[in-house]
Every structure is written in structure tokens, then in C-alpha cells.
Amino acid sequence: MHHSPQIFCSTDNTLRMQFYMCGCFFSANLFIKEYKMHVTFNGRDQFLREYGEILQAKGCSNPEDLVQELEEEVLQRQKLQEESWRRRQLVASQYTQLNPNIFTLQASFLDPKFQELVCLAQEASQDSNAIISQMQSHQSRIYSFPVFTHEFCHQLLQEVVNFEESPLPKGRPNTMNQYGINLGELGFDDFITRLREDYLSHLTQLLYPDWGGDTLDSHKAFIVTYKEGMDVELGYHYDNAEVTINIALNEDYSDGDLYFGPLRAETSSHRIGYSHQLGHGLLHLGLQLHGALPITQGTRYNLIIWMRSSRVRNRLCPMCDREPSLVPVKNGFGDGFTTKTVDVCSTS
């Protein structure tokens, strides 16, 4: 789909971009939790024709019973951007922050080992081995390392619980997790932008330059909550991201380990496991297949950041494997797609 170049000028000479979603968001990768299936939904007839027999083989006696649920999901996705912006404005005007100081990223929130790692990455030039040796490597280019101090995790978790208990409306974090918080709606966009640009990008450009790690220019950040009676696990999936970091915010729960398989395009039955550590982040490619085993006690909170490169995804949408069909968003990063953009400040 052709779009004219978008022209913006920023007072600080940084490039402002118009972001987009791919049209496939409104019909593809709809998750049926009961049968742990992602489906494409373009109406009743197409759905029953393509998935009826598969669902019956999985134990679904009448696949047609799922049609209304999928229609509601499509409608919810169509309203998502507008409703998210409305919630964001409502929170900004009515929510009383419990720990106002944590909404602006400060170096004191970051584990000293993480700061040392970032400094090393800045000095390492093209030598990724220099920083990999300072991380815990989990095979398949999956790495873990401390990110936040325990004190900051405690303060952030206090804020999350305080917001969860408020009467203000909340949007679900993503299309698979039903419980959690969109951190952009809570007011953490600048915090996450600074974390991505000033810290994480120095690691990703060395570790994943072939997957856009050197050109990350947007993100989606959210808290996921796992608790008995709510979500307790997460099915096998891949992320709508070039690079993902998953940071544990607490440790007073049992089980709930992550497990990883191959990249989406690869075929392998080999899987590896990972147990969360408080304040530690797990860094991996978005297309790395993974899931979460059930927790058996307590509540687990994780901060997840999907980091995106428009340079990579503008060529091919990772969710539909086609050139993206661009749908503009009024505010925010959308799903990280852009068109060609001209900075008139630098060209005039």
C-alpha cells in the first residue's frame, strides 16, 4: 500500500515519525485460549472452513460456538487505539501516583552490573563477545542479566498494585494476556523510551544487528499478571517485536518458568527452560517461540518490553508475513510501522 512521505520537524532536531499498525491486526493471530490456537478470522464461513476439523480434533464439539467470541475480539481490536488513548487521558487527569519519582528513569533504579554492562557495550565497538561473556547465555541467543535494583522493583510493583486497585479503566496488556497493565496508559512512555534508547539499544545493536537490534525506534511495554483465578500460564507463541526483554518484578510465587523453542521459521523440538530472578531481564528475539508454565502459588508480575525496528518490519510484517497494509494511529507507536519520513529541520 502506497503512502506519501510524512514530514515532521522537531525542535530538538530529532526525527518524529508517524507510526502505523498493519491491517492484519484486525483479523490475524486471534488466540483461542481454550484450545491454545492462533487463528485468522474473516467471518464465520472462512473460520469454519479452515479450522472446523482442527478444532474438533482438539476436542471442540461445535466450532461454531466460537464465532461470537472471535467477532467480539475483532470489534475490540478495532476500537483498541481510540479506547487506549481515552484511558491514557483519564489516567493522566485522575490517577494519583503513589511513587511519583519512579515515572522518570534515574540511574539509581538500575542495577550497577547493568550499568557496567551498558558501558562495556559502548566501548566494545563490534565485539559482541565482550558483553556476552558478562551475561548468562541460555543458548539460541537468549541472554539474562540484572536490570533493576530490588528496591526499584518493589516501588514499581507498589505502583502497579495501586493502579490495579483503583477504579480507573484498564486495557489488557496484549491479545494473549487478559490481566496486567499497558504501561503507556499509566504514564511510563518516556521512562521506557529512555531505557530503550540510552541503555538497552547499546546491547541489542551488538547482539542482534541482523534482526534490527541496531535500529530499534519504538516499543510496546506492559506488565503481565499471573495469579490463580486469572491467567496462570501462557501458551506457546512468538512476539510482535524484533527484540523482547522480560524483567521479573517479584519472587513470592511458585513455578511459572518460561520455556523456549526455536525461532518461528525453524523446525526443532528442542526446548530450554528459564527461572525468573528478581530484577533480572531475559533478552531474546521476538520471533523466538516461547511460553510460560503455570504458576502454582502466589502472583507473578513481569515487565515486558517489545522493541521494534521500523526498518525491519516495514519490509515484512512479522504477524502476517506480508508487506504491511498500513493503518495510521493518531497517537503513540502503533505496531512500529512507518513510511518514508523527511526531517525538514535537517534538510532545510
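All residue numbers refer to positions in the sequence shown, counting from 1. What you are looking at is a predicted structure, and each value in this text was computed from that prediction instead of being measured.
Ile304 and Leu283 are members of different hydrophobic clusters when ILVMFWY side chains are connected at heavy-atom separations under 4.5 Å. If you chain together hydrophobic residues whose side chains sit under 4.5 Å apart, Tyr143 and Leu282 never meet in one group. Both Val232 and Tyr253 belong to a single network of hydrophobic side chains, linked directly or stepwise wherever heavy atoms of I, L, V, M, F, W or Y lie under 4.5 Å apart. No continuous path of ILVMFWY side-chain contacts below 4.5 Å connects Leu289 to Ile272, so the two sit in separate hydrophobic clusters. Taken together through direct or relayed side-chain contacts under 4.5 Å among Ile, Leu, Val, Met, Phe, Trp and Tyr, Met307 and Val118 form part of one hydrophobic cluster.
Between Asp217 and Arg308, none of the side-chain N atoms (NZ, or NE/NH1/NH2) sits under 4.0 Å from a carboxylate O, so this pair counts as no salt bridge. No salt bridge links Arg172 with Asp231; every basic N to acidic carboxylate O contact stays at or beyond 4.0 Å. Taking 4.0 Å as the cut-off between side-chain N and carboxylate O, Arg88 and Glu185 do not count as a salt-bridged pair.
Of the possible donor and acceptor atoms, one in the side chain of Thr204 sits under 3.5 Å from a partner among the backbone N and O of Gly213. Side-chain N or O atoms of Ser140 include none that pairs as donor or acceptor with a backbone N or O of Ile142 at under 3.5 Å. Panel note: side chain Glu69, backbone Leu66; no donor-acceptor pair is recorded below 3.5 Å. At least one donor-acceptor pair closer than 3.5 Å links the side chain of Asn250 to the backbone N or O of Tyr301. The backbone N or O of Pro100 sits nowhere less than 3.5 Å from a side-chain atom of Glu159 that would complete a donor-acceptor pair. No donor-acceptor pair under 3.5 Å is formed between the side chain of Ser84 and the backbone N or O of Gln81. Judged by distance alone, with hydrogens and angles left aside, the side-chain atoms of Gln134 form no donor-acceptor pair with the main-chain N or O of Leu117 at under 3.5 Å. Judged by distance alone, with hydrogens and angles left aside, the side-chain atoms of Tyr51 form no donor-acceptor pair with the main-chain N or O of Met37 at under 3.5 Å.
Considering all non-hydrogen atoms of both residues, Ala292 and Leu258 come closest at CB-CD2, 3.8 Å. When all heavy atoms of Thr175 and Phe31 are compared, the closest pair comes out as O-CB, 4.4 Å. Listed here is the closest heavy atom pair of Ala121 and Leu203: CB-CD2, 3.8 Å. Nearest heavy-atom pair across Ile223 and Leu183 is CG1-CD2, 3.8 Å. Across all their heavy atoms, Phe25 and Arg77 have their closest contact at O-NH1, 2.7 Å. Leu278 and Cys153 get closest at one heavy-atom pair: CD1-CB, 4.0 Å.
With ring centers used as reference points, Phe260 lies under 6.0 Å from His284. Aromatic rings of Phe152 and Phe191 (six-membered ring for Trp) have centroids within the 6.0 Å cut-off, being under it.
Judged purely by distance below 3.5 Å, without hydrogens or angles, the side chains of Tyr274 and Asn246 never pair a donor atom with an acceptor atom. Looking at Thr296 and Asp255, their side chains do bring a donor and an acceptor atom within 3.5 Å of each other. In summary, the side chains of Asn101 and Asn99 do not present any donor paired with an acceptor at a separation below 3.5 Å, with no hydrogens or angles considered. Looking only at atom types and distance, the side chain of Thr338 has a donor-acceptor partner in the side chain of Asn314 under 3.5 Å away. Side-chain N/O atoms of Gln68 and Glu72 include a donor and acceptor closer than 3.5 Å. If you check the side chains of Asn162 and Tyr95, you find a donor sitting under 3.5 Å from an acceptor. Counting only N and O atoms by type, the side chains of Arg300 and Asn302 include a donor and acceptor under 3.5 Å apart. Side-chain atoms of Thr225 and Glu164 include a donor-acceptor pair closer than 3.5 Å. With hydrogens and angles left out, the side-chain atoms of His290 and His237 include a donor and acceptor closer than 3.5 Å.
Within 6.0 Å of atom CZ in Arg311, 12 or fewer heavy atoms from other residues, nucleotides or ligands are found, so the atom counts as exposed in its surroundings. The 12-atom threshold is exceeded at CH2 of Trp306, counting heavy atoms of other residues, nucleotides or ligands nearer than 6.0 Å. No more than 12 heavy atoms of other residues, nucleotides or ligands sit less than 6.0 Å from atom CD of Glu228. By the neighbour-count criterion of 12 heavy atoms within 6.0 Å, atom CD of Gln297 is sparsely surrounded, having that number or fewer from other residues, nucleotides or ligands. Other residues, nucleotides and ligands contribute at most 12 non-hydrogen atoms within 6.0 Å of the CD atom of Glu53. The environment of CD in Glu34 is sparse: at most 12 heavy-atom neighbours from other residues, nucleotides or ligands sit within 6.0 Å. The environment of CD in Glu82 is sparse: at most 12 heavy-atom neighbours from other residues, nucleotides or ligands sit within 6.0 Å.
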Go through it in stages, so that I can follow the logic: the residues are Arg44 and Glu64, the test is salt bridge (Lys or Arg N to Asp or Glu O under 4.0 Å), and I'd like the CA-CA distance, side-chain angles, deciding distance and then a yes or no. CA-CA 8 Å; Arg44 172 188 174 279; Glu64 190 161 359; 2.8 Å; yes

Test log, rule ring-ring contact (aromatic ring centres under 6.0 Å, His included), inputs Tyr259 and Tyr236: CA-CA 9 Å; Tyr259 59 94; Tyr236 204 42; 5.8 Å; yes

Audit row: Phe333, Phe19, ring-ring contact (aromatic ring centres under 6.0 Å, His included) steps and yes/no: CA-CA 5 Å; Phe333 292 125; Phe19 284 93; 5.2 Å; yes

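Relative to the ring axis of Phe337, Arg313 places its NZ or CZ within 45° and under 6.0 Å from the centre. In this structure, Lys170 satisfies the cation-pi test against Phe163, with its NZ or CZ atom closer than 6.0 Å to the six-membered ring centre and inside 45 degrees of the ring normal.
Here the side chains of Thr299 and Tyr226 are not in contact, with every heavy-atom distance at 4.5 Å or above. Counting heavy atoms from C-beta on, the side chains of Leu326 and Thr339 come closer than 4.5 Å. Contact annotation: the side chain of Phe41 approaches that of Glu71 to within less than 4.5 Å [non-hydrogen atoms, C-beta and beyond].
Other members of the hydrophobic cluster containing Met230, listed by chain and number, are Tyr179; membership follows side-chain contacts under 4.5 Å among ILVMFWY residues, whether direct or relayed.
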